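Structure first, then comments.
Numbering of ligands and ligand atoms starts at 1, following listing order. As a basis for the values below, the full set of heavy atoms in this structure was taken, side chains included, without hydrogen atoms, waters or symmetry mates. From a predicted model like this one, the values you see are computed outputs, not experimental measurements.
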Amino acid sequence: MSFKAPRGTRDILPSEIEKWQYVEGVLRKLCREYGYSEIRTPLFEETGLFARGVGEGTDIVEKEMYTFKDRAERSLTLRPECTASVVRSFLEHKLFNEPQPQKFYYIGPMFRYDRPQAGRYRQFHQFGVEAFGTSSPVLDTEVIAMSNDFFQRIGLDDLNLEINSVGCKFCRPAYNQLVLDYYKNKLEKLCTDCHIRYERNPLRILDCKNEKCLSLVQDAPSLADNLCEECATHFSSVLSFLDSLNIRYSVNHRLVRGLDYYTKTAFEFVSAELGAQSSLGGGGRYDNLVEICGGPPTPGVGVAMGLERVILALDKRGFDPSLYRDKRVFVALAGDDKLQHEGLLITQELRRAGISAELDFMGRSLKSQMKFAGKNNFSLVIILGEKELKEKAVLLRDMQNGEQEEIKRSKLIDKIKEKLKRQGKTTEEA
Ligand code: HAM
């Protein structure tokens, strides 16, 4: 019998991991610059948290959760997203008593029983940030600017930022009613999913991608015309802050996100290159969520990006992670087993000096060791033979230009550092 990774999940093999580590490195650096601290919450939570936080009527809660009973009959769910978990943790640890705003970030797997296809998985990874404690539109702008910076830094600089205001608990009910009235006599023209949305969550009809529903949405009432004064002012402030940062956006009054907790600002970063799975990231403000989850009224705003989609978009651009690869040294042994002792000492010495180094274990010919080093992208090869051992020296070969020279053992580390520096930057510097 042979086992395979479960449908909708995938292994990230060492050949791919460089791209992930590069992207994660950029994200962690960005978070330090913006003052967001990492939070790690459990991969599963009580089911009720998502039902309440994300919303009973959403596709996520209705169709996509991995819910199971543990041995004590508790209903638990693999997290389909992390905002609700961060809110739970914020409350459980009474972080609302700390100086505000509290700003968090996370990177990790999420689980949704989605229909798998390119860019859509059942286990996927998100990077996200959540910031609590102020309803200032500057914080909405900071979250958007940070996402925008991230995409720019990794070279995805032509995404479209779509933005909308989805109103608040004061202006949305009246708008909901307008939408219900508009669709009342058009129900037979909507897709079957939208029939259910009509009953449970009418605003979601507005961003249904079904052809039938799209044709009707043009004339539906616009929330933009029905925002209360506070929401309208908040929205125009966010837009003017974005303008002053020269961040381009398009206002899309049909943008409603698939989670119920949003209030006021909602946004998405969309790629023209990724077909159906075009949303690389999205987020917005959620001023009622902390209260809904049982805490004191505390506004919040955040964003999450799908890292698989980010990597797919980078692949489409022919991104070359080797530019950011750690430079490594291979220690090749040209002779019998006696050389192993010295080879091991040299390798350890390099590692202690902070240089990534590997030793040949396979007893191969020098020719095949060189081939191995070339294929595995080592930057430098140290060749140690009987003659060099006697002369307290090694041969050092630069794999980028093929130059080879003899170096005294006592000068080896300095020489290697100098050569690596000349070859380019290392991962930590990226
Ligand atoms: P979301 O729009 O459901 O928002 O997901 C954010 C991103 O996760 C999407 O834009 C997409 O890139 C990625 N994503 C979602 N589902 C999948 C999937 N099945 N396979 C691959 N990638 C996927 C949220 O999750 C909110 N918690 C974002 C947020 C944070 N809002 C406020 N704070």
Side-chain angles (χ1 to χ4, degrees), residues 6-10 12 23 36 39 41 45 49-50 53-55 58-61 63-66 78-90 102-132 139-140 142-144 146-147 150-151 156 159-164 166 204 207 255-271 273-290 292-293 299-314:
R7 188 166 142 75
T9 70
R10 48 200 287 281
I12 303 173
V23 167
Y36 286 70
I39 183 165
T41 62
E45 299 272 357
L49 172 69
F50 301 114
V54 176
T58 57
D59 283 356
I60 293 180
V61 172
K63 304 184 197 162
E64 296 171 2
M65 295 208 304
Y66 279 91
L78 296 184
R79 62 183 190 190
E81 59 108 53
C82 208
T83 312
S85 306
V86 177
V87 167
R88 196 256 321 128
S89 179
F90 179 79
Q102 289 278 310
K103 307 200 291 188
F104 307 97
Y105 82 91
Y106 48 85
I107 300 179
M110 310 292 154
F111 307 86
R112 293 185 194 176
Y113 194 80
D114 241 332
R115 205 157 32 81
Q117 50 181 275
R120 199 204 276 160
Y121 305 96
R122 291 185 172 168
Q123 176 176 329
F124 59 97
H125 297 77
Q126 280 186 350
F127 158 78
V129 307
E130 312 295 346
F132 299 91
L139 190 60
D140 308 39
E142 177 175 281
V143 167
I144 296 172
M146 183 177 181
S147 314
F150 164 65
F151 289 124
L156 299 179
L159 301 182
N160 191 16
L161 164 60
E162 297 190 357
I163 187 163
N164 191 20
V166 295
R204 299 271 343 264
D207 76 346
L255 178 72
V256 184
R257 302 211 352 96
L259 304 103
D260 272 357
Y261 45 65
Y262 292 111
T263 53
K264 296 183 177 160
T265 316
F267 60 90
E268 252 169 48
F269 284 87
V270 183
S271 156
E273 288 175 354
L274 288 191
Q277 309 313 313
S278 60
S279 171
L280 262 65
R285 182 163 273 289
Y286 44 83
D287 287 347
N288 306 323
L289 183 57
V290 175
I292 288 171
C293 293
V301 56
V303 63
M305 293 154 198
L307 295 184
E308 279 77 4
R309 292 186 192 175
V310 167
I311 303 265
L312 265 176
L314 284 177

I need the nearest protein heavy-atom contact for atom 31 (N) of ligand 1: residue, atom name and distance, please.
Y262 OH, 2.6 Å
So, does E308 use its side chain to make a donor-acceptor pair with the main chain of I311 at under 3.5 Å?
no
Is it the case that the side chains of Q102 and Y36 hold a donor-acceptor pair, with the cut-off being a distance below 3.5 Å and no angle test?
no
To check your reading of the model: name the closest protein heavy atom to atom 1 (P) of ligand 1, its residue, and the distance in Å.
R257 NH2, 3.5 Å
Contact (N/O only, under 3.5 Å) between G306 and ligand 1:
yes
Is G8 near ligand 1, meaning one of its heavy atoms is under 4.0 Å from it?
no
Is it the side chain (CB and beyond), the backbone, both or neither of E130 that lies under 4.0 Å from ligand 1, heavy atoms counted?
side chain
Can you confirm whether or not the ring centre of F127 sits under 6.0 Å from the ring centre of Y106?
no
If only side-chain N and O atoms count, and only distance matters, is there a donor-acceptor pair under 3.5 Å linking E273 with S271?
no
Kindly determine whether D287 and R285 satisfy salt bridge (Lys or Arg N to Asp or Glu O under 4.0 Å), including the steps that lead there.
CA-CA 6 Å; D287 287 347; R285 182 163 273 289; 2.7 Å; yes
Can you confirm if the aromatic rings of Y66 and Y113 lie within a centre distance of less than 6.0 Å?
yes
Around atom 12 (O) of ligand 1, find the nearest protein heavy atom and jot down its residue, atom name and distance.
S279 O, 2.8 Å
Give the numbers and elements of all ligand 1 atoms closer than 4.0 Å to a heavy atom of G119.
20 (N), 21 (C), 22 (N)
Under a 3.5 Å threshold, yes or no: a donor from one side chain and an acceptor from the other, between T58 and D260?
no
Under 6.0 Å between ring centres: does that hold for Y261 and Y286?
yes
For atom 26 (C) of ligand 1, what is the nearest protein heavy atom, given as residue, atom name and distance?
Y261 OH, 3.3 Å
Does an N or O anywhere in R112 fall below 3.5 Å from an N or O of ligand 1?
yes
Begin from the C-alpha positions of R257 and E268 and carry the test salt bridge (Lys or Arg N to Asp or Glu O under 4.0 Å) through to its verdict.
CA-CA 9 Å; R257 302 211 352 96; E268 252 169 48; 2.8 Å; yes
What is the nearest protein non-hydrogen atom to atom 20 (N) of ligand 1, stated with its residue, atom name and distance?
Y121 N, 3.0 Å
Any G281 heavy atom less than 4.0 Å to ligand 1
yes
Nearest non-hydrogen protein atom to atom 27 (N) of ligand 1, with distance, is E81 OE1, 2.6 Å
Polar contacts were defined as any N/O atom of the residue lying under 3.5 Å from an N/O atom of the ligand; does this apply to I60 and ligand 1?
no
Does G282 have a heavy atom less than 4.0 Å from any atom of ligand 1?
yes
Are the aromatic rings of F90 and F132 close, with centres under 6.0 Å apart?
yes
Suppose we measure from atom 18 (C) of ligand 1 to each protein heavy atom; which comes out shortest, and what is that distance?
F124 CD2, 3.5 Å
Under 4.0 Å from ligand 1, counting heavy atoms only, is it the side chain of R120, its backbone, both or neither?
both
Considering distance alone, does some N or O of V303 sit under 3.5 Å from an N or O of ligand 1?
yes
What is the nearest protein non-hydrogen atom to atom 8 (O) of ligand 1, stated with its residue, atom name and distance?
Q126 NE2, 3.2 Å
Take R120 and R309 through the test side-chain contact (heavy atoms from CB on, under 4.5 Å) and record every step on the way to the result.
CA-CA 8 Å; R120 199 204 276 160; R309 292 186 192 175; 4.1 Å; yes
